[in-house]
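Following: one structure in structure tokens, then a few remarks.
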2 protein chains.
Amino acid sequence: MSFDVGGRLKEIRASAGLSQRELAARSGVTHSLISLIEQNRNSPSVASLRKILDGIPMSMVNFFDEERVPRGKVFFEAGDLLDLTSRLHQVSGGSGEGRMSFRQVGDAKAHNLQILHESYEPGADTGVTMLKHDSHEGGVVLSGELEITVGDQIKILGPGDAYLFDSRTPHRFRNIGAARCEVVSACTPPYL
Amino acid sequence: MSFDVGGRLKEIRASAGLSQRELAARSGVTHSLISLIEQNRNSPSVASLRKILDGIPMSMVNFFDEERVPRGKVFFEAGDLLDLTSRLHQVSGGSGEGRMSFRQVGDAKAHNLQILHESYEPGADTGVTMLKHDSHEGGVVLSGELEITVGDQIKILGPGDAYLFDSRTPHRFRNIGAARCEVVSACTPPYL
DNA sequence: TTGCGCTGTTAAATATTCTGAGCAATGCTA
DNA sequence: TAGCATTGCTCAGAATATTTAACAGCGCAA
């Protein structure tokens, strides 16, 4: 953890070719603030950081993007996983009921391998509109129960059970149990 | 601009099924702080926000990700463009000399169209190792001069000049002039 | 050398965030 | 109804971020 905010700011300010005072003028903050932040002597408020980034200009996402997958990173704490939930909701059109989350390990593109830690609350459902994409995927159920539909096959998997199939076959995941269901899965590119 | 930090926190806390007090306990901050932030009555420090997100858990990038392309967004201010420069440097292996920047308009994937605002400082070069990818790309030079190599053709373009080619043909961009060169380009998927 | 303009840093004053304790409202059980 | 456990909100004071103003170092020109 503990991403180096000060170092990051210094880095992007340098690559923008700006002095602390120049950036301060553009941003509407004082140069001392920038100095203190770059030395990690204080932790800027989101409001201040945004002002400063607007002077570069750079988005918040891009500022913290380095933090997402620090090049060559091998180990990831729980908080480091990238939450894809909202994106998948856009894709499935919100037809899926119940809460579920999909959190990705590292940079899938860079490694040509997407590994997800998935969680399905009771009732969670990827939706009647079956999923289809040009990949292969598999996984292992850790806890709870998950009903998986692949083509014309339906199976309920419990802890220790696993699956592996061609993602071009229409598929669907549903937690029909009373407990949360957790799964670790993998997928070959393209991911969707 | 002005992304709703409070609303966003409220939203993700709700979808995690946590009360202010529960999240506070996990995060190591007080529930009052979470209350104040959610009402946008203060702008949390980066340190505080990170603590709170660790209790979800969620990464900074993902927290601000919604800000990147607010669904259905049509207009983008300069600061809204997504800076891809660092990613491209990883790709080209840093062989390119001189500074250049590539800033993307909106969500290329969602629209199947990548539009970039590119900037090449004098001497900037995409590198001797020619670029190749499975797309088509084109663009218009706004200012300065740019030497473009496509296959065995070499051409120097100035303001108003344009290009369009199959990206599978090895290509390279170089600013051999004395002034900064700006280009607006477009690319079909996949982008790299 | 002196002086100017720039760089980044620092101390003290000010403004803001953050904490800790308490409040009101809701829902549930007896 | 009372009693208890939730929920989220408020406010005074402690802790921290931010500003203001000044300092020290460097390069360059007179």
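In this text, all values refer to a predicted model and were calculated from it rather than measured experimentally. Worth knowing before you read on, the calculation uses all heavy atoms, side chains too, and leaves out hydrogens, waters and symmetry mates. Reminder, nothing fancy here: chain letters follow the sequence lines and each chain counts from 1.
If you take CD of Glu38(B) and C1' of dC9(D), they are 11 Å apart, rounded to a whole angstrom. Regarding Lys51(B), its NZ atom lies at a distance of 14 Å from the P atom of dA15(D), rounded to whole Å. Here dT16(C) presents its C1' atom at 15 Å from CG of Asn40(B), a figure rounded to the nearest Å. We find that CG of Asn42(A) is positioned 12 Å from P of dC18(C), with the value rounded to whole Å. Atom CD1 in Ile37(A) sits roughly 14 Å away from atom P in dT17(C) (whole-Å rounding). Between the CD1 atom of Ile52(B) and the C1' atom of dT17(C) there is a distance of 11 Å, given to the nearest Å. When rounded to the nearest whole Å, the span between CZ of Arg50(B) and P of dT17(C) equals 19 Å. Remark: P of dT7(C) and CG of Leu18(A) are 10 Å apart, rounded to the nearest angstrom.
Looking at Ser32(B), its side chain comes within 3.5 Å of the base of dG20(C) through a donor and an acceptor atom.
The nucleotide whose nearest atom lies closest to any side-chain atom of Lys10(A) is, among dC18(C), dC9(D), dT9(C), dT9(C). Comparing dG22(C), dG8(D), dT10(C) against the side chain of Arg13(B) picks out dG8(D) as the nearest. Listed nucleotides dT18(D), dT19(C), dT19(D) differ in distance to Thr30(B); the shortest reach to its side chain belongs to dT19(C). Residue Ser19(B) has its side chain nearest to dG8(D) when only dT9(C), dG8(D), dT19(D) are considered. Between dA17(D), dT19(C), dT9(C), one nucleotide has an atom nearer to the side chain of Leu33(B) than all others, and that is dT19(C). With dG22(C), dT7(D), dC18(C) as the candidates, the nucleotide lying closest to the side chain of Glu22(B) is dT7(D). For Ser35(B), the listed nucleotide lying nearest its side chain is dT10(D); candidates were dT19(C), dT10(D), dT18(D).
Looking at Asn175(B), its side chain never comes within 3.5 Å of a backbone N or O of Ala124(B) through a donor-acceptor pair.
Phe102(B) and Tyr120(B) have perpendicular rings, their planes meeting at more than 60° on a 0 to 90° scale where under 30° would count as parallel.
Membership of an apolar cluster is not assigned to Ile154(B), as no side-chain contact below 4.5 Å to another ILVMFWY residue is traced.
A cation-pi arrangement is present between Arg8(B) and Phe63(B), with the terminal nitrogen or guanidinium carbon under 6.0 Å from the aromatic centre and inside a 45° cone about the axis.
Of the side-chain N and O atoms in Gln39(B), one or more sit less than 4.0 angstrom from OP1 or OP2 of dT10(D). For the pair Gln20(A) and dT9(C), the criterion of a side-chain N or O lying under 4.0 Å from OP1 or OP2 is met. The phosphate of dA17(D) has neither OP1 nor OP2 within less than 4.0 Å of any side-chain N or O from Arg41(A).
Between Arg172(B) and the options Thr126(B), Thr149(B), Asp125(B), a side-chain hydrogen bond (donor to acceptor under 3.5 Å, both in side chains) holds for only Asp125(B).
One finds the NZ atom of Lys155(B) at 12.0 Å from the CD atom of Glu147(B) (value rounded to the nearest 0.5 Å).
Of the residues near DNA chain D, Ala47(B) and His31(B), the one whose nearest nucleotide (by heavy atom distance) lies more toward the 5' end is His31(B). The residue among Arg21(B) and Ser43(B) whose nearest nucleotide of DNA chain C lies closer to the 5′ end is Ser43(B).
Leu36(A) comes within 4.0 angstrom of a nucleotide base, judged by non-hydrogen atoms across all strands.
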